[in-house]
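When a ligand or atom number is given, it counts from 1 through the structure's own listing order.
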Amino acid sequence: MISEALTTVRQGIADTARQFDRTPESIQLLAVSKTCPVADIVTAFKSGQYRFGESYLQEAIAKIEALRDYSLEWYFIGPLQSNKTRLIAENFNWVLSLDKLKHAQRLNVQRPDHLPSLNVCIQVNISEEPQKSGVRLSDLSSLAQAIAELPHLRLRGLMTLPIRRVDFNQQRLPFRRLRVAFEQLQASGLALDTLSMGMTNDMVAAIAEGSTLVRIGTGIFGERINKINGL
Ligand SMILES: *Cc1c(COP(=O)(O)O)cnc(C)c1O
């Protein structure tokens with residue numbers, strides 16, 4: 001099941017890329033494995049998938065430990081808290097959900113010297129929902145400039161998780177706003193290469209608007225049993 005689903009998702013990415021005049025190679029696939037057992041990650045790895053995204057830290061650390069012998073790339077995509085930053089700095093390759101300078105500063109000092117810089121994306125609250133994680137667009141530029149100064153972090157780009165919409169054109173609007181913000185940061189001199197937009201239900205709209213890293217859970221591993229906050 002998982003290997004067939006991966007093939008279908010990869011084919012969908014390639015078809016959508018061509019439809020919007022993009023190359024399939026310009027879009028990377030992050031398999032969101034939160035709540036999935038280790039065995040499912042191994043199955044996905046054997047089908048050629050090596051980037052995995054996790055939201056819940058304790059669960060993620062247990063999987064990372066269990067899978068030390070595989071060369072996987074781990075992305076933290078859940079909400080950050082100060083008491084989580086050390087384990088994240090020590091165990092992950094990427095953080096996609098950074099939205100506060102104080103967390104960035106902690107990750108920067110806690111990143112072990114023997115590891116390469118931690119790749120980070122800033123999460124933007126593009127739909128400006130009151131309870132949602134992410135920086136507002138009006139505060140993005142100053143946060144990005146400050147994070148870019150931190151030597152043990154490497155600012156790679158932006159991530160967002162907009163309000164769920166069914167209509168394709170409604171889905172595209174927030175992604176377009178994020179792409180414009182991304183291009184403005186690039187124009188201001190930041191060397192960014194990662195625009196992470198699109199999940200199982202809005203992947204096509206995200207690719208249409210320039211996503212370089214789609215985050216797919218349900219589409220690969222099936223419905224999650226323990227959905228928390230709708231995720
Ligand atoms: C769970 C989650 C996903 C994957 O969502 P699906 O709808 O299952 O593809 C993507 N991004 C984030 C930040 C998530 O928490």
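At a 4.0 Å cut-off, not a single heavy atom of Gly219 sits close enough to ligand 1 to count as contact. Not a single heavy atom of Met203 sits closer than 4.0 Å to an atom of ligand 1.
For the pair Trp74/Glu54, a side-chain contact is recorded, criterion being any heavy-atom separation below 4.5 Å from C-beta on. For the pair Thr218 and Arg224, the minimum side-chain heavy-atom distance is below 4.5 Å.
Heavy-atom contacts of Arg215 reach the following atoms of ligand 1: 4 (C), 9 (O), 10 (C), 11 (N), 12 (C), 13 (C) (cutoff under 4.0 Å). Within ligand 1, the atoms closer than 4.0 Å to a non-hydrogen atom of Thr218 are 6 (P), 7 (O), 8 (O), 9 (O), numbered from 1 in the order shown. For ligand 1, the atoms lying closer than 4.0 Å to a non-hydrogen atom of Ser55 are 15 (O). Near Gly217, with a cut-off below 4.0 Å to any heavy atom, the atoms of ligand 1 are 4 (C), 6 (P), 8 (O), 9 (O). Numbered from 1 in the order shown, with element, the atoms of ligand 1 that lie under 4.0 Å from a heavy atom of Ile216 read 9 (O).
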Tell me which donor-acceptor pairs under 3.5 Å the side chains of residues 139-154 have, and how far apart each pair is, sequence neighbours excluded?
from   : atom 1 : to     : atom 2 : distance (Å)
Ser142 : OG     : Asp139 : O      : 3.4
Gln145 : NE2    : Ser188 : OG     : 3.4

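Using cut-offs of 30° and 60° for the angle between ring planes, the Phe92 and Phe76 rings count as perpendicular.
Contacts between Leu161 and ligand 1 below 4.0 angstrom, taking non-hydrogen atoms only, involve the side chain exclusively.
With 3.5 Å as the limit, one finds no donor-acceptor pair spanning the side chains of Arg136 and Asn125.
Ligand 1 has an N or O atom lying under 3.5 Å from an N or O atom of Arg224, backbone or side chain.
Using a 4.0 Å cut-off between charged nitrogen and carboxylate oxygen, Asp193 and Arg156 count as a salt-bridge pair.
Annotation for Ile77: hydrophobic cluster partners, listed by chain and number, are Leu30, Val32, Tyr75, Trp94, Leu96, Met159, Leu213 (ILVMFWY side-chain heavy atoms under 4.5 Å, direct or chained).
Looking at Gln123, Arg164, Met199 and measuring to atom 3 (C) of ligand 1, the nearest heavy atom belongs to Met199.
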